[in-house]
Amino acid sequence: MSELNNIVLKILNIGKGILAADESTATMTKRLETVKVQSTAENRLLFRETLFSASGMTECIGGVILYDETIKQITSKKNKIPELISTMGSVPGIKVDTGAKVLASSPNEKITEGLDGLRERLKDYYKLGAKFTKWRGVYNISKEHPSKLSIQSNAHALARYSALVQECNMVPIVEPEVLMDGEHSAKECYEKTSEIIKKCFEELILHKVDLKGVILKPNMILAGNKCKNKISNEEVAKLTLKCLKDSVPTEVPGIAFLSGGQSEIEATENLNLINKYNDTNFIMSYSFGRALQQSALKFWSKNIKNIEGTQKVFNHRAKMNTLAAKGKWSKELEN
Ligand code: 13P
């Protein structure tokens, strides 16, 4: 087994998932503003350190995606953040794209940037302890979108990124996110997601990326948030499985879903059903940001000094999602 494949299997080992704590400072500021906490480097560290030192980390969280600011921060106990994460039995990772910018020639779409100087940045992150990385391509659905141009150019960037990351002995998370925003149906989400993922793997193969050392981070197949015809959770799970079975090469060991603006319970419930019906060899787990942190952030914002209380809220969510990653979650366990 390759070294990269071992890292994937460690991160997604038996129900473990990923904590996506890689919000950029701008995004984290928005999150903190919604709970009326000032966005300072100290507060951002305090919240994140609280989660990273929770017992749920050891039990449930196989990997943590960090942001550039956080990977360089020192904890209150004078440890480096990647060391804290490793001590908790989890694997430190880093977001390496520099954000999605307007795509020239298609002003309503985005292209993710960050390839310039990436090889050097990767070496630095590796020295800081990162063992895996993340790059997010983002697509919106409307009558004209996603365009062929956005599908092609984001897949190309994801493949160039992945090849560079593996060259530096780290595992790339390949995240093509089809946004939930809009009136589109679940069928449209299915078709576009399938086309996007297929193009990503076509490019990854062209760039000689070792698929056994990759984690795919896709969206679930959902109707748009403004669509009148919502589908049931059962249908979400079945369509998501069908889409991935059809578009992901079998060599890929693990798939870790983003939550994408679903509520915490909805994301957990859908993940649980996906695992109940999973008749593939893919590990199907989570790489949630909001759906792992929302309740904990809300609690913490009102009780900043109550570390244990915040950790309890986080531990519960992590546990629920780890049960869902084994298909063993039920609503009653939420109480
Ligand atoms: P959400 O789970 O909040 O969608 O965040 C996951 C993520 O990492 C988006 O890039």
Side-chain angles (χ1 to χ4, degrees), residues 11-12 17-32 34-35 47-48 51 60-71 90-101 110-114 130 132-140 154 157-158 161-162 171-182 189 193 196-197 200 214-222 224-225 236 240 254-272 274 284-298 314 317-318 320-322 324-325:
I11 295 171
L12 301 179
I18 299 170
L19 167 61
D22 61 325
E23 298 87 355
S24 64
T25 300
T27 303
M28 196 58 191
T29 299
K30 267 193 242 159
R31 302 262 190 276
L32 290 172
T34 58
V35 293
F47 177 64
R48 286 165 165 158
L51 302 192
C60 308
I61 304 296
V64 180
I65 317 174
L66 299 165
Y67 181 60
D68 182 73
E69 174 184 78
T70 325
I71 200 170
S90 189
V91 181
I94 179 81
K95 185 231 299 285
V96 300
D97 68 65
T98 54
K101 310 283 157 57
K110 300 256 172 80
I111 177 73
T112 303
E113 295 189 346
F132 72 103
T133 65
K134 180 188 113 172
W135 180 291
R136 171 177 175 261
V138 60
Y139 314 80
N140 52 308
N154 275 298
L158 276 161
Y161 141 81
S162 299
V171 166
I173 293 187
V174 173
E175 180 181 12
E177 175 174 8
V178 178
L179 294 172
M180 216 164 95
D181 309 334
C189 177
T193 303
I196 287 164
I197 293 178
C200 285
V214 163
I215 296 174
L216 176 69
K217 174 163 174 167
N219 49 283
M220 296 178 190
I221 304 300
L222 303 165
N225 55 7
V236 169
T240 303
I255 295 175
F257 294 97
L258 59 97
S259 60
Q262 300 179 75
S263 72
E264 289 179 332
I265 305 284
E266 205 182 345
T268 306
E269 184 161 6
N270 286 334
L271 178 65
N272 186 58
I274 289 169
M284 299 273 191
S285 191
Y286 58 92
S287 175
F288 293 163
R290 284 162 287 180
L292 260 177
Q293 301 180 83
Q294 230 157 39
S295 298
L297 182 65
K298 212 165 157 191
F314 172 71
R317 224 38 277 135
M320 293 298 105
N321 284 312
T322 280

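Note that ligands are numbered from 1 as they come in the structure, with each ligand's atoms numbered from 1 the same way.
Checking only distances, Arg31 never comes within under 3.5 Å of ligand 1, N or O to N or O. Any N or O atom pair closer than 3.5 Å counts here, and Glu175 shares at least one such pair with ligand 1. Residue Leu258 has no N or O atom closer than 3.5 Å to an N or O atom of ligand 1.
Under 4.0 Å is where a charged nitrogen must lie from a carboxylate oxygen, and between Lys95 and Glu175 no such pair does.
Of the possible donor and acceptor atoms, one in the side chain of Ser90 sits under 3.5 Å from a partner among the backbone N and O of Gly62. Panel note: side chain Asp181, backbone Gly224; no donor-acceptor pair is recorded below 3.5 Å.
At a heavy-atom cutoff of 4.0 Å, ligand 1 is contacted by the side chain of Ala20 but not by its backbone.
No heavy atom of Lys95 sits closer than 4.0 Å to any atom of ligand 1. A heavy-atom separation below 4.0 Å is not found between Ala291 and ligand 1. Ligand 1 is approached by Lys217 to a heavy-atom distance shorter than 4.0 Å.
In terms of heavy-atom proximity, Pro176 sits nearest to Asn219 at O-OD1, 3.5 Å. The heavy-atom pair separating Ser285 from Gly17 by the smallest distance is OG-CA, 3.5 Å.
Side-chain contact, Thr133 with Tyr161: a donor N or O sits under 3.5 Å from an acceptor N or O.
Screening Asp22, Ile255, Ile65, Leu19 for a side chain to side chain contact (heavy atoms under 4.5 Å, CB included) involving Ser287 leaves a single residue, Ile65.
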Residues Arg48, Glu23; criterion salt bridge (Lys or Arg N to Asp or Glu O under 4.0 Å); working and verdict: CA-CA 11 Å; Arg48 286 165 165 158; Glu23 298 87 355; 2.9 Å; yes
side-chain contact (heavy atoms from CB on, under 4.5 Å) evaluation trace for Tyr286 with Ser259: CA-CA 8 Å; Tyr286 58 92; Ser259 60; over 6 Å; no
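The single protein non-hydrogen atom nearest to atom 5 (O) of ligand 1 is Gly289 N, 3.5 Å, given as residue, atom name and distance.
Those atoms of ligand 1 with a heavy atom of Arg136 less than 4.0 angstrom away are 10 (O). Close contacts between ligand 1 and Ser259 involve ligand atoms 1 (P), 2 (O), 3 (O), 4 (O) [criterion: under 4.0 Å to a heavy atom]. Close approach of ligand 1 to Phe288 (heavy-atom distance below 4.0 Å) involves ligand atoms 2 (O). Short contacts between ligand 1 and Gly260, defined as distances under 4.0 Å to a heavy atom of the residue, involve ligand atoms 1 (P), 2 (O), 4 (O).
The closest non-hydrogen atom to atom 10 (O) of ligand 1, taken over Lys134, Glu177, Gln262, Arg290, comes from Lys134.
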